[in-house]
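Report on the structure given below.
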Amino acid sequence: MRPQTARNPACRRLVQAPDEQLAEGLQDLEAKQLYRHRRLVEQCPTQPWLRVDGRDRLVFCSNDYLGLAHDPRLTSALRDSATKWGAGAGASHLVTGHCAEHHALEEEIADFTGRTRALLFSTGYMANLGVIDALATRGDLIVSDDLNHASLIDGARISGATVRRFRHANAASAKDCFEGNASGRKLIITDGVFSMDGDVARVGDLARVAQDENAWLIVDDAHGLGVLGEKGAGSVATSGLGENEVQVLIGTFGKAFGTFGAFVAGSEQLIETLINKARTYVFTTAVPAPIAAATRRALAIACEEEWRRERLRSLVERFRRGAASLGLQLMDSSTPIQPILIGDNGRALRISEELWDLGFWVAAIRPPTVPADSARLRVTLSAAHEPQQVDDLIEALGRCASLTRM
Ligand SMILES: *Cc1c(COP(=O)(O)O)cnc(C)c1O
């Protein structure tokens, strides 16, 4: 159907059909090389392979850092628990959804993180939204790292508090944000490991600023837990910080632990406050118990099997050596997140496509996930990779014309 035409251009939006308005927005994304497509995974052969378009692709962009997502011990825990608890939780935790499997996982997480208590959330995204919104409101101040994950940014936004952003990983800049702020609660929020750069937050420095300014420190260690430190205790524990310094610790199970769901850990009062006030906790269905059962198994394995972290460390070194020999621009990261900085959106996409044709799956990351003009290939390593596969990736990168010829 043809849209009505308006004489006054200001009214054009009003008479344009809804789908035409959307189509305009999509064309705009396409023009800026920011359009996103999904790839359809047809089959999951042995890790780290996935079959797409009838061909097995070697995956170098998942967050399954420890290689646990397909571990048969997790899938059998899931199966056994489903027989016992069914496929769905049936209600929120505050109604009938909180079962023994969830409760045991909360206690194990409290133990693992060295916190008094822990509380399960359905996803890390929801945990961040719920926590920040429950702890801050209009008149409060949130001091936030420039490169924080979208869920922390969104949580700060919906809380209604004043938000000031500090220069990435710069504690002095964080301190400056407190200038002239008198009343109200004060929160510092940061990723533990930055998801698109791979560098580790200076949580010790931020803890000192927080102490000086009488602020609380909230760390989202989505990419550090399970990966960094002994037993995978994460970026906060490796800095020697406990509940008194980092009052709120957030983690997800969707990354190193290979399952799904998330948690917040901290004091008794914090957890009771969240149970009562975090809207993304109160108004949503509990994660199915079998997922919690698989996560309990994952947590035990992640703690015990130190070889997974050792292997990761050596793969990271191997990758960095190889990439340096090709003259690629890596970032200051010692974690399994090893982005190759490209800059231009179109070029990042072309390189990703070239790698795809060679049988490698490496995602191109573009704005708004990363700042403008900093598109990158986000290479991630996993304990499921063989050293030879890393060498193969390096060789493929060397064959990418769009990458090596500027
Ligand atoms: C992935 C991620 C989240 C979201 O976790 P989900 O459980 O996937 O919703 C939150 N914070 C950071 C830093 C992340 O990388």
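Keep in mind that this is a model prediction, so the values were computed, not measured. First listed ligand is number 1; within each ligand, the first listed atom is number 1.
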Does ligand 1 have any N/O atom under 3.5 Å from a protein N/O, and what are those pairs and their distances?
{"residue": "ligand 1", "atom": "7 (O)", "partner": "Gly124", "partner atom": "N", "Å": "2.7"}
{"residue": "ligand 1", "atom": "7 (O)", "partner": "Thr252", "partner atom": "OG1", "Å": "2.7"}
{"residue": "ligand 1", "atom": "9 (O)", "partner": "Gly124", "partner atom": "N", "Å": "3.1"}
{"residue": "ligand 1", "atom": "9 (O)", "partner": "Tyr125", "partner atom": "N", "Å": "3.0"}
{"residue": "ligand 1", "atom": "11 (N)", "partner": "Asp220", "partner atom": "OD2", "Å": "2.5"}
{"residue": "ligand 1", "atom": "15 (O)", "partner": "His223", "partner atom": "NE2", "Å": "2.5"}
{"residue": "ligand 1", "atom": "15 (O)", "partner": "Lys255", "partner atom": "NZ", "Å": "2.8"}

Salt bridge present between Arg164 and Asp176 (N-O < 4.0 angstrom): no
State, yes or no, whether a side-chain contact exists between Ile337 and Tyr65 at a heavy-atom distance under 4.5 Å. yes
Within-4.5 Å side-chain heavy-atom neighbours: Leu381 and Phe60: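 Of all side-chain heavy-atom pairs linking Phe60 with Leu381, at least one is under 4.5 Å.
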Determine, stepwise, if the pair Arg399 / Glu395 fulfils salt bridge (Lys or Arg N to Asp or Glu O under 4.0 Å). CA-CA 7 Å; Arg399 287 168 60 193; Glu395 203 235 87; 3.6 Å; yes
So how far is it from Phe263 CZ to Ile250 CD1, rounded to the nearest 0.5 Å?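 If I round to the nearest 0.5 Å, the distance is 9.0 Å.
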Among residues at least two apart in sequence or on other chains, which ones pass side-chain hydrogen bond (donor to acceptor under 3.5 Å, both in side chains) with Glu30?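 Applying side-chain hydrogen bond (donor to acceptor under 3.5 Å, both in side chains) to Glu30 gives none.
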